[in-house]
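Inspection log for the structure reproduced underneath, given as structure tokens.
Keep in mind the model is a prediction, meaning the values are calculated, not measured. In what follows, chains carry the letters A, B, and so on, assigned in the order in which the sequence lines appear, proteins first and then strands, with residues in each chain numbered from 1.
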Amino acid sequence: MSATVPDLSVEIAGLTLRNPVMPASGTFGWGTEYADLLELSSLGAVVVKATTLLPRPGNAPPRIVETPAGMLNAIGLQNPGVDVVVREKLPPLADCGAPVIVNIAGETVDDYVAVAKRLGASPVVSALEINASCPNTERGGMQFGLEPGPLAELVSAVRAVTSLPLITKLSPNVTDIVPLARAAVEAGTDALSLINTLLGMAIDTDRRRPKLGNVTGGLSGPAIRPVAVRMVWQVAAAGLGVPLIGMGGIMSANDALEFILAGATAVAIGTATFVTPDTCRQVIEGLAAYCVRNGVRSIREIVGAAHRP
Amino acid sequence: MSATVPDLSVEIAGLTLRNPVMPASGTFGWGTEYADLLELSSLGAVVVKATTLLPRPGNAPPRIVETPAGMLNAIGLQNPGVDVVVREKLPPLADCGAPVIVNIAGETVDDYVAVAKRLGASPVVSALEINASCPNTERGGMQFGLEPGPLAELVSAVRAVTSLPLITKLSPNVTDIVPLARAAVEAGTDALSLINTLLGMAIDTDRRRPKLGNVTGGLSGPAIRPVAVRMVWQVAAAGLGVPLIGMGGIMSANDALEFILAGATAVAIGTATFVTPDTCRQVIEGLAAYCVRNGVRSIREIVGAAHRP
Amino acid sequence: MEQVKSRITTTHAEGADCQVLILACPSIAAATQPGQFVHVRVSESADPLLRRPISVMLADRQAGHIRLLVRKVGRGTEALARLPAGATVDLLGPLGNGFPFPSAETSGDILLVAGGVGVAPLVFLADTLQTHRARFRVCGLLGGASDEHLPVWTELAGRCEEFHVSTEDGSAGEQGLVTELLGEHLAQDGTAVVYTCGPRPMMAAVAQMCAEARVPCWASLEQWMGCGVGACLGCVVPAAGGDDFLRVCKDGPVFAAEQLAWEALGQ
Amino acid sequence: MEQVKSRITTTHAEGADCQVLILACPSIAAATQPGQFVHVRVSESADPLLRRPISVMLADRQAGHIRLLVRKVGRGTEALARLPAGATVDLLGPLGNGFPFPSAETSGDILLVAGGVGVAPLVFLADTLQTHRARFRVCGLLGGASDEHLPVWTELAGRCEEFHVSTEDGSAGEQGLVTELLGEHLAQDGTAVVYTCGPRPMMAAVAQMCAEARVPCWASLEQWMGCGVGACLGCVVPAAGGDDFLRVCKDGPVFAAEQLAWEALGQ
Ligand SMILES: Cc1cc2nc3c(=O)[nH]c(=O)nc-3n(C[C@H](O)[C@H](O)[C@H](O)COP(=O)(O)OP(=O)(O)OC[C@H]3O[C@@H](n4cnc5c(N)ncnc54)[C@H](O)[C@@H]3O)c2cc1C
Ligand SMILES: Cc1cc2nc3c(=O)[nH]c(=O)nc-3n(C[C@H](O)[C@H](O)[C@H](O)COP(=O)(O)OP(=O)(O)OC[C@H]3O[C@@H](n4cnc5c(N)ncnc54)[C@H](O)[C@@H]3O)c2cc1C
Ligand SMILES: Cc1cc2nc3c(=O)[nH]c(=O)nc-3n(C[C@H](O)[C@H](O)[C@H](O)COP(=O)(O)O)c2cc1C
Ligand SMILES: Cc1cc2nc3c(=O)[nH]c(=O)nc-3n(C[C@H](O)[C@H](O)[C@H](O)COP(=O)(O)O)c2cc1C
Ligand code: FES
Ligand code: FES
């Protein structure tokens, strides 16, 4: 067997990524926090935290609770606002060697539009990811992610003001994800990210109160992987013609392969980075090894392969 | 402190239960499988498997996959049909010393109605639990659990033909569980069970095929507990006036207390029984110990206590 | 059936990828029949969550011990194999139906056809057949990939009147598959009954050869399990003729070959 | 900051519910400052999932060791405390800001006020102050529920010029709270700065007493953590004045008392 290096490159929303592995928004800070432990230029892309128009302090603590094979978070979109993001947070990524994707959130369509416009002016930004799915603020985007109508309106409005590649991140807290995915595609999104966190909560039985300051939070980590794989599978089966970025509980290359085989062109790593900071690197290496082992020349060959009988 | 024995009894749908702990349908067979390991008369109730009008062979294997802190199942409502259930499966429970709750499922409203009628004639049955939420058959009930209209129609129809206490078990695979809970209550259910399993899947990366014979399956176990607690919390907050039976990932008395504090009057133990067959007993003892430790005289005092600031 | 905490008295590596554990659990040792299994908790955490079924390889009723042969194929079996002597293991058992014994009138050869770690329940069966011996001979056939993949073969050999080994690479015994050894044996007359345990494709071949030779065949199946006690219907395999299913944990793990729809069993 | 696999060279129980671990990790030992912590993986399974932050109690740069004092309060700390010598632990560190050293001109008393396991980072601080000593005296005050809840007190005592203990039940030192010892000390003049680590209510009281006495106070905070490196914003505590938040893992764990909204900190 020849030891040809497999081709891991993929295209998402018109961007060519060196490999299909990126961090998940909100788990990788502003991209620099993990730079000691992970070479940014080795990543398919760098995805930074949700950015809103005005600064947001975020929710009252506690913001994190561990749960079985997962965690709840209720950060509440803490961020310094798009002006500071553009001025201070993005410039250090200018030469990071990977495309930079900025996750955007807001309370109204106008908020998103304003953020998208401001980010469009930054040379550092390669793509926008619309966060239509944050469960952790009263009006932080999830309302847009629950019904096709409002979602389409949001995506169209952002689409109208940006020529950047546009990714829409969907909420899993819905009865059927396919109509939402379809609405986003029809409104002009170039790619879909799925999934954001599942809405959950935990109760402190001694204090008899919710553990999180925000009462509910978003469940992430390995616990949710079966739900995430199922949603990627469903959206892939609908054949909407845009690439999918799969995420939710990926800890290893094998987990990432479940998403790719289910139909994801790329994957994102969230909670796993907290546990093992170089998970992205391990996944990239593991995908390459899988390809070599199985004679797969390009990772693109196996996207959605589990749908073929 | 006086060592008064705390009162664990609760009322659900007009039944008085010795304590608020019962097995979850489908994880306790026909009630006799675990009789060597667990005294049935010590349970709040015995809940048996889903019963359909005609015998059902169930889905092709593999039917079970382990996932992080959880499992997927796709049993597919295998059962011998209501006639055999009434003739062979229920009589051994006649003197088990606990109320017997039978879970019912079907493809059409008429199916459910026919099963409910037949079971109403059995002296062994104390209550019916409408399974409007099985994710594992093409037409096994979940379609009823996803929209308030069809759910109300189903519950009303069953309500019309039975005077047995009626519990409706809801699916968590919905955008908002509250309208479904409300629809079931308005249609005459006496209590609500929440939650059934989350729809999930897993892929075998060697074979590049779904691991389950049925492709998708229902996710249960500790992984889903935060989602289940959140749904109980939401329904309790809606104040619909019927008792809730909480379930989803309960492994210990502390887990059960999360549900009770969130608003569940009783709890059911599913997957945990596979791991530790006497989990129900351990939970009952643990609840009693919690009450003693905290000066709670009746468990009913703390139902929903986490809602009080 | 009981749930007990059992102490590991000894543990040692065996062959390329197996471990033999001896566990102190008098009540289970006293009750277990050949072909039955224990359902083992492999961690105290929620991950991995489910118990793992492992056949009892030998039960020493006097000493109150059972012996397990564990092949390391994943996290659960690796965790079990790593446990030191003195550690405690939570067992549920004995479970399943076990092998039916040959009737008192059986004469001729009783063939035990094992593949790899499938040898475990057949060691126990051979051991019991020794004490019940009447007019039959016990003959063991064991196959594996190489001499490193014939765990505890001496335990089986020592309990059989006749014993043959095959390896795919020829590093021990005949080169080839164990089914070739079986073919030779069936070609001579005198096989009364076959008991088999091993990989599914091997057992499917054994079942078919026995059907053709009109020799009764009992196979011990594996399937991923939830409860282990017949309650969850998770561990089924397709029954022959029709679309019914049989529970490996309760109706099995031992089935008469003709009970099963071998063509639908898959890997 | 590095992620390293580190071997436990020794481990021993300490007091009622603590364990002291010595870990071989030369690079972390060389880099860690007093008040910094390591983020420790407590299992290889997904449950428990997250790392646990533990302060470095001492770093021996020559030997390439660090010492941790672990109080068993839940599954993670219990798992850590159970690990035998020779086992490997996955560490991420050093993390956090550490205690600022008193300036060269500082004169008077430097007070270290510790509650229970909060003694750990103060031992390291005292150790370092020994080598930097100028015109100040180091004075340790340690409180606990009973004499069984004063882990490694000799380690602190041996590094202070003056040392006092209080216990709630009077089984060692003065009966009462450590804040009473602090009160006595502040009543005399001459306290230059206070460093404190312990339960939140204790630190809140210390902070308030220092504010009243106009003595600078540095407190080492705890909060449940995700990343430990400042990326997830999960570990925040409310900042003084306004509705901003500070990250314990990156902006802290050591804060000037006046940076924090103590009244909003809760338990
Ligand atoms: C009755 C019985 C008796 C047995 N006796 C023995 C014995 O004596 N000795 C022995 O070593 N083993 C025995 N086994 C097999 C043993 O139970 C398994 O090897 C063990 O459960 C594997 O657990 P693990 O955590 O090590 O592997 P896992 O990590 O759980 O799995 C190993 C492999 O199996 C795959 N897998 C997991 N779930 C499924 C599924 N639902 N469908 C298909 N593939 C799946 C995984 O993807 C992985 O590749 C017996 C099994 C049964 C049913
Ligand atoms: C910077 C820093 C330094 C530390 N240094 C040390 C040290 O040197 N030695 C030491 O022993 N400990 C130290 N700790 C504390 C230590 O990290 C915790 O005790 C440990 O993480 C507990 O883990 P566990 O798995 O044992 O307990 P768990 O089982 O996780 O939890 C124990 C208790 O805390 C509760 N809890 C869990 N999550 C939350 C939440 N989000 N909000 C409120 N309550 C919650 C649980 O319900 C439970 O009652 C330090 C903490 C920090 C932040
Ligand atoms: C602490 C934390 C913060 C997050 N913040 C954001 C965010 O700002 N924007 C967003 O779209 N998703 C956010 N997410 C969701 C993740 O990007 C990801 O969709 C989710 O965690 C599932 O992946 P995982 O299981 O690998 O973590 C956050 C998740 C976590 C755990
Ligand atoms: C193997 C298995 C079979 C099940 N069968 C049924 C069923 O027949 N009817 C039903 O209403 N729920 C069924 N359920 C769902 C459980 O009753 C319960 O709602 C769910 O598993 C969540 O609880 P748990 O996490 O404690 O298992 C089944 C669950 C499992 C794991
Ligand atoms: S494992 Fe539950 S029925 Fe066999
Ligand atoms: S733990 Fe992630 S920011 Fe502090």
Legend entry - Pairing of C:Arg82 and C:Glu78 as salt bridge, 4.0 angstrom limit: no

Legend entry - Which portion of C:Gln3 sits near chain B, non-hydrogen atoms under 4.5 angstrom: both

Legend entry - Short side-chain to backbone donor-acceptor contact, B:Asp206 and B:Asp204, under 3.5 Å: no

Inset, instruction - Please look at B:Thr271 and chain C and tell me whether the side chain, the backbone, both or neither of the residue comes under 4.5 angstrom of a heavy atom of that chain. - result: side chain

Legend entry - Side-chain H-bond candidate by donor/acceptor type, C:Ser171 with C:Asp169, under 3.5 Å: yes

Legend entry - Expected output: side-chain B:Arg63 to main-chain B:Asn214 donor-acceptor under 3.5 Å: no

Legend entry - SB check C:Asp17 C:Arg71 (cutoff 4.0 Å): yes

Legend entry - Donor-acceptor pair, side chain of B:Gln78 and main chain of B:Ile75, under 3.5 angstrom: no

Inset, instruction - Using a cut-off of under 4.5 Å on heavy-atom pairs, state which of B:Asp36, B:Val275, B:Val65, B:Thr273 scores highest against chain C. - result: B:Val275

Inset, instruction - Identify which of C:Val236, C:Asp243, C:Asp244, C:Val237 forms the greatest number of heavy-atom pairs closer than 4.5 Å to chain B. - result: C:Val236

Legend entry - Non-hydrogen atoms of C:Cys232 and B:Phe274 that approach each other most closely: CB-CZ, 3.4 Å

Legend entry - Toward chain B: residues of residues 38-63 of chain C with heavy atoms under 4.5 Å: C:Arg41, C:Ala46, C:Asp47, C:Pro48, C:Leu49, C:Leu50, C:Arg51, C:Arg52

Inset, instruction - Say whether, by atom type as modelled, one donor and one acceptor occur between the side chain of C:Asp251 and the main chain of C:Asn97 under 3.5 angstrom. - result: no

